[in-house]
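First the structure, in the form of structure tokens, and then the observations on it.
Position 1 is the first residue of the sequence, and the numbers go up from there.
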Amino acid sequence: MQAGPSLEGPVWVSEIMLQQTQVATVIDYYNRWMQVVSELAGRMPRTAEDLQKLLPGVGRYTAGAIASISYGQATGVVDGNVIRVLCRLRCIGADSSSPSVIDRLWDMANVLVDRSRPGDFNQALMELGATVCVPKAPLCGQCPVKQHCQAWRRVEKELAFASQKLFGKPPPVPDVEDCGVGDCPLCPPATEPWDSSLGVTNFPRKAAKKLPRAMRTATCVLERRGCHGAPEYLIVQRPSSGLLAGLWEFPSVQLAQDLQEKKERQELADHLQAWMEQPVAAKGLQFIGEVSLELERYSVIHIFSHIHQTYVVYSLHLDGDVTLDPALSPSRWVTEEEFHASAVSTAMKKVLKAHEKQRRKESSPVKAQGWGLAGTGTVLVKCKR
């Protein structure tokens with residue numbers, strides 16, 4: 001794409017991005033991408049190495065696919081389909097998701113790729129995995145490379161051995177090409193031997209899934225009455241790196257496991273004091289709940305791919321304005337509509353939903369002049385402008 005006065009390119013990019021997420025999330029990514037386009041003068045890098053180096057977010061697979069298919073560079077690609085094909089071709093039984101095995105698979109793909117038609121070869125290899133060498137019930141009889149497939153050959157040998165055994169013939173001598181001995185980093189571990197009932201679907205293998213790591217977080221829906229009478233909520237921005245990087249959330253603090261409820265309240269109250277110039281009494285925090293979502297009760301439990309996150313939800317109503325410490329993470333007050341338009345996680349939306357559900361149950365909340373009225377979740381904050 002050549003740089004020019006036309007808005008077609010920028011509009012196209014923004015529309016594609018906005019199909020995936022909200023405006024607030026897109027803005028930063030859009031600006032960074034358009035900066036890259038400007039730096040490259042609108043010219044696309046033509047090698048896998050430059051694509052990865054110069055285009056943020058372009059990984060090894062995407063770079064290899066673009067370079068081989070669009071520009072004819074003799075470089076391989078490795079995606080899920082290719083991993084399956086190569087693991088069966090070479091009987092690779094080690095964990096196919098481990099970095100060391102992935103590196104070996106990339107080495108194999110770069111050696112195998114057809115130098116004269118790399119794009120066609122890579123697409124054919126991926127198509128083979130998608131249509132023939134499928135995860136379950138692969139169509140080995142239709143496979144054009146089955147004569148080179150060590151997994152298929154092993155199945156055939158086992159069938160032949162079973163036939164010979166039936167007629168009382170001696171077992172065959174092991175093939176010199178069969179590995180299976182020593183400390184080969186690509187062979188199946190001794191604890192996971194070949195399963196004859198699975199055939200070629202013994203490969204590829206993945207490590208057993210780890211149980212999600214349990215995390216517990218106290219979060220507070222901090223609420224005040226806005227200028228037009230509608231409630232407003234304080235949200236703060238998470239760090240720019242790590243889990244849920246850059247998203248907005250209610251003030252939250254991670255908790256140690258097995259803390260007593262009184263200690264959880266105090267830790268959250270101490271955390272809130274960092275945002276306001278006046279102390280917050282722990283007993284003024286109204287407990288919303290902490291139960292599993294499957295039971296559709298108030299506590300919010302959200303499962304990330306590797307974390308079982310439990311949110312212990314509290315609320316605190318503020319009468320008046322507060323001064324927030326500008327040295328801390330970015331923060332802002334938002335209406336409910338603005339909250340849903342912000343870049344917030346699904347878990348935080350569930351937290352707000354739990355808060356609103358509890359508020360509807362309270363017909364007439366009691367307010368008190370002072371701090372920390374037990375059981376009401378309401379505190380009076382002196383205005384400071």
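Cation-pi check for Arg117 over Phe121 is not met; the charged atom does not lie both under 6.0 angstrom from the ring centroid and within 45 degrees of its normal.
A 6.0 Å sphere centred on NZ of Lys349 holds more than 12 heavy atoms belonging to other residues, nucleotides or ligands. For Glu337, the CD atom sits in a loose shell: 12 or fewer heavy atoms of surrounding residues, nucleotides or ligands are nearer than 6.0 Å. In the displayed structure, Arg90 atom CZ is contacted under 6.0 Å by at most 12 heavy atoms of other residues, nucleotides or ligands.
What you find for Val77 and Val82 is that their closest heavy atoms are O-CG1, 3.5 Å. Summarising the geometry of Cys133 relative to Pro138, their closest heavy-atom pair is CA-CB, 4.3 Å, with the distance given to 0.1 Å. In this structure, Leu105 and Val78 approach most closely via the heavy-atom pair O-CG2, 3.9 Å. Scanning all heavy atoms of the two residues, the minimum distance from Val200 to Cys140 falls at CG2-SG, 3.8 Å. The minimum heavy-atom distance linking Gln73 with Arg46 is given by the pair OE1-O, 4.2 Å. The minimum heavy-atom distance between Thr25 and Ala343, with the atom names listed, is OG1-CB, 3.1 Å.
One hydrophobic cluster holds both Tyr314 and Val253 under the rule that ILVMFWY side chains link at heavy-atom gaps under 4.5 Å.
Proximity of the aromatic rings of Trp194 and Phe203 is defined here by a centroid distance below 6.0 angstrom, and this criterion is met.
Checking Thr217 against Gln309 by side-chain atom types alone, a donor-acceptor pair falls below 3.5 Å. A donor-acceptor pair shorter than 3.5 Å cannot be found between the side chains of Gln35 and Asn31.
With contacts defined as side-chain heavy-atom distances shorter than 4.5 Å, the pair Val37/Val13 does not qualify. You'll find the side chain of Thr62 stays beyond 4.5 Å of the side chain of Leu55, heavy atoms only. Side chains of Pro45 and Leu40 form a contact here, defined as non-hydrogen atoms less than 4.5 Å apart. Using a 4.5 Å cut-off on side-chain heavy atoms (C-beta onward), Val344 and Glu249 make no contact. In this structure, the side chains of Met34 and Pro10 come closer than 4.5 Å at one or more pairs of heavy atoms.
Put simply, the side chain of Arg265 gets close to the backbone of Ala282: a donor and an acceptor are under 3.5 Å apart. Put simply, the side chain of His271 gets close to the backbone of Ser252: a donor and an acceptor are under 3.5 Å apart.
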Determine, stepwise, if the pair His340 / Leu352 fulfils side chain to side chain contact (heavy atoms under 4.5 Å, CB included). CA-CA 10 Å; His340 287 290; Leu352 181 59; 4.0 Å; yes
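Residues Arg60 and Asp103 are paired through a salt bridge, judged by an N-O separation under 4.0 Å between the basic side chain and the carboxylate. Residues Glu338 and Arg332 are not paired through a salt bridge, judged by the lack of any N-O separation under 4.0 Å between the basic side chain and the carboxylate.
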